[in-house]
Protein chains: 2
Amino acid sequence: MPRRATIIEVAREAGASKTSVSRYFAGERDKLSPALCERIAAAALRLDYRPNQMARGLKGGHSRLIGMLVADIRNPFSVAVMHGVERACREQGLALLVCNTDNDPELERTHLALMTSYQVEGLIINASGSPDAELQALTDRGLPLVLLDRELGAVEADLVGLDNARAIDLALDHLAEQGYGELLYLSEPPERASPRRERLTRFQAGLTARRLTGEAYTMSGSDEELARNIEAFLTRSAPKGSGEVPRALLCANGAVTLAATRALLRLGARLGKTGLMGIDELDWCALIDPGITTLAQPTEAIGQQAIASLLAKPGNQADAKARQHRFEPRVIARGSTRLSG
Amino acid sequence: MPRRATIIEVAREAGASKTSVSRYFAGERDKLSPALCERIAAAALRLDYRPNQMARGLKGGHSRLIGMLVADIRNPFSVAVMHGVERACREQGLALLVCNTDNDPELERTHLALMTSYQVEGLIINASGSPDAELQALTDRGLPLVLLDRELGAVEADLVGLDNARAIDLALDHLAEQGYGELLYLSEPPERASPRRERLTRFQAGLTARRLTGEAYTMSGSDEELARNIEAFLTRSAPKGSGEVPRALLCANGAVTLAATRALLRLGARLGKTGLMGIDELDWCALIDPGITTLAQPTEAIGQQAIASLLAKPGNQADAKARQHRFEPRVIARGSTRLSG
DNA sequence: ACCTATGATGGGAACGTTCCCATTTCTCGA
DNA sequence: TCGAGAAATGGGAACGTTCCCATCATAGGT
């Protein structure tokens, strides 16, 4: 059972010192004479040498590892962002340690500890709970940190995510433009996740300027309950004075869109006549009969920016103010917000 | 900027030797007196000590890291399995290094090298190319290895995945039972991925015994081309002698199901009258009008078994024969395979 | 009382790097 | 001709663990 060659063996084989070999692999080839470079390259090839990242990480703290903590790995949005993060890592020669918390704050703490024990050089956090204290301790220690999608009050760290206000504005504009006048905003419980709060707030704030009326419903219970609430919204009598005003649902994210669509179909609603729009573009949104209108997030860009922000961190100087990178969504208009259909 | 405490500092704080502290954290507490244990625990708590995994990994090669190489991280099946893997890792105190190859064999090689440079203790491979040589070299070196979903001819390693023959049998049985007589099997190019070959072969072998006729189409081009081929299949005249025999599509995986559904809806086909069944259960399959019948894979179990197989490897003794863990899928019958609808 | 297992503890050499300092050789200007 | 400085290279001490060995009680059998 052969063992991997070490830097010492390569040095001997190349007739050089381990320092030179180290330099060669650390990308300081310009400091070496071409002849030496060549000898080292040949020797390394002959021995099939690969630097041991564990040893590297031990010495200088240069693990070349990035940790990513995801609240729900089965959420397509998270996966899409992860795809962008992964690609950016690859370009930088970084490896990605992925942990999924399944929205469990307890697990989040555990995984945070796990990742730091691997001396990660940076952390991308899509928080499920409020590990503010733990995270602040890490930044204090000089560990670059980026918040993904979800803000965390007490932590000074860059945030990368959607421009939630803009997203809601775009949605409201689109719905108003299409002729819908009464809206029902559907969301998961907004307590723990900042984007949910931001979106909900903006929704409520954005109604009057557009002469819309609307209300919000927080999903918590069963599909049945959701369906009942949607039905109540759709069937209640129009406010006096106004005639029949078209009604629409606005879904706060992909999971909600799924549940709402299920409910609407169960109620036998005709999409379009009943408006339906969701944040997050999903595979199947084009499939459901007239197509479901969505707001697509630039997930790839978000992922790449997360790594960019991480690497831009001056490392030790914590003086750099926390930045926000808010990305703009794109409206993908389909039949579910077309009244004429 | 405080630094993390080391084992030496804990030892001093506890009035013990680093060896004892090491033993304490390596889970050999039974070899220590209760008094000493207590002192160490207190000291570690006071200093907020966490063992440095990099150093651990360096010394004994015990990195507690598992690598997972995924061909396509945006495939919901892969993510679902990864979820199972992640959970199993967590239970074992392992960390998961995830690499996505985007189905690029070149990238696969790079990532393989990357992961091994982190001294991973095991590797879960969902291959995109044929890195047989590289992988065999790794097993020879004693690295436990598990193939996920996709077999690799030349590598002796456990395989964990679906019982593809059984899956096709279940599908054919179901379709025959529901009264469909002519089938079109849709698949992505079967060259590189063993499950595609296994499924296709079994499909062709399983027709006659069930008095079915069928043909296979390999998706390669555009949606239009797929739609044309499906249309040709649906509209061609019945073979002489037999009356009108109900026709159905069988989709080899989730991606194909998506494309086929898109095509069918575009063609204005009525699901049910035209049968549709797919391998892999997806969020939206219940949503499309009468519901799409699927074969669900036990993804969580597959993921957990992958880790189990990895840990069961006798480590060095490569004598252990490669095992196959084939899981049985479950039919989720919906309207798309109900003629009466 | 003595010799020997047995169990608890500690000292120190690895593990494979990086990086701080030499050391050596060479170039160039005074 | 000489010394200074740069450029190329190498030696050795870390980094934070683990683990082999040694040490030292303590207890038990003779």
Side-chain angles (χ1 to χ4, degrees), chain A residues 2-41 43-44 47-65 93 95 116-121 141-142, chain B residues 2-40 43-44 47-65 93 95 116-121 141:
Chain A
R3 208 182 25 78
R4 187 113 259 174
T6 76
I7 209 172
I8 308 248
E9 295 165 313
V10 176
R12 194 184 317 130
E13 176 86 7
S17 75
K18 55 185 164 47
T19 306
S20 297
V21 180
S22 172
R23 289 206 176 97
Y24 180 86
F25 283 100
E28 303 173 6
R29 305 190 189 182
D30 49 336
K31 297 189 175 176
L32 302 180
S33 71
L36 186 54
C37 271
E38 205 164 317
R39 267 172 21 233
I40 293 176
L47 298 178
D48 190 28
Y49 168 75
R50 305 282 159 73
N52 180 326
Q53 288 292 350
M54 284 291 174
R56 286 189 161 184
L58 175 56
K59 184 54 215 261
H62 297 192
S63 62
R64 304 261 68 195
L65 259 184
T116 55
S117 76
Y118 282 98
Q119 315 294 109
V120 290
E121 291 188 41
R141 196 171 285 136
Chain B
R3 208 181 27 75
R4 187 111 260 174
T6 76
I7 209 172
I8 308 248
E9 295 165 312
V10 176
R12 192 183 320 129
E13 176 85 6
S17 75
K18 56 186 163 48
T19 307
S20 296
V21 180
S22 171
R23 288 205 176 98
Y24 180 85
F25 283 99
E28 302 172 7
R29 305 190 190 182
D30 49 337
K31 296 190 175 176
L32 303 178
S33 69
L36 187 53
C37 272
E38 204 164 318
R39 262 164 34 223
I40 294 177
L47 299 178
D48 189 29
Y49 167 76
R50 301 286 156 74
N52 180 327
Q53 287 294 348
M54 282 292 176
R56 285 190 162 183
L58 177 56
K59 183 56 213 264
H62 296 194
S63 63
R64 304 261 68 193
L65 259 184
T116 55
S117 76
Y118 280 98
Q119 315 294 106
V120 291
E121 290 189 42
R141 195 171 286 136

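Naming: A, B, ... by sequence-line order, numbering from 1 per chain.
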Within residues 50-60 of chain A, the residues having a heavy atom closer than 4.0 Å to DNA chain D are Leu58(A), Lys59(A)

Can you name the closest pair of heavy atoms from Ser117(A) and Pro51(B) and give their distance?
CB-O, 3.6 Å

Nearest-nucleotide wise, let me know which of Glu28(B) and Ser20(A) is further upstream toward the 5' end of DNA chain D.
Ser20(A)

Please figure out whether Gly15(B) or Tyr49(A) has its closest DNA chain C nucleotide nearer the 5' end.
Gly15(B)

Residue pairs, two or more places apart or on separate chains, that pass side-chain hydrogen bond (donor to acceptor under 3.5 Å, both in side chains) and touch residues 47-57 of chain A:
Arg4(A)-Asp48(A), Asp48(A)-Arg50(A)

For Arg39(B) and Gly15(B), indicate whether the former's side chain and the latter's backbone hold a donor-acceptor pair under 3.5 Å.
yes

May I have the distance from Arg29(A) (atom CZ) to dA8(D) (atom P), rounded to whole angstrom?
16 Å

Identify the 5'-most and 3'-most nucleotides of DNA chain C with at least one atom closer than 4.0 Å to a non-hydrogen atom of chain A.
dG16(C) to dC21(C)

Students often get this wrong, so: under 4.0 angstrom with heavy atoms, is Ser33(B) touching a base, only sugar-phosphate, or nothing?
sugar-phosphate

Sub-4.5 Å side-chain heavy-atom contact between Met54(B) and Leu65(A):
yes

Contact summary for Ala44(A) and Val10(A), nearest pair of heavy atoms:
N-CG1, 4.1 Å

Across the strands shown, which category fits Ala11(A) at heavy-atom distances under 4.0 angstrom: base, sugar-phosphate, nothing?
nothing

If you look at every strand shown and take non-hydrogen atoms under 4.0 Å, does Ser22(A) touch a base, only sugar-phosphate, or nothing?
base

Beyond-backbone contact of Leu32(B) with Glu28(B), side-chain heavy atoms, under 4.5 angstrom
no

Heavy-atom pair of closest approach, residues Val120(A) and Ser63(A)
CA-OG, 3.8 Å

Donor-acceptor check, side chain of Glu38(B) to backbone of Ala35(B), threshold 3.5 angstrom: yes or no?
no

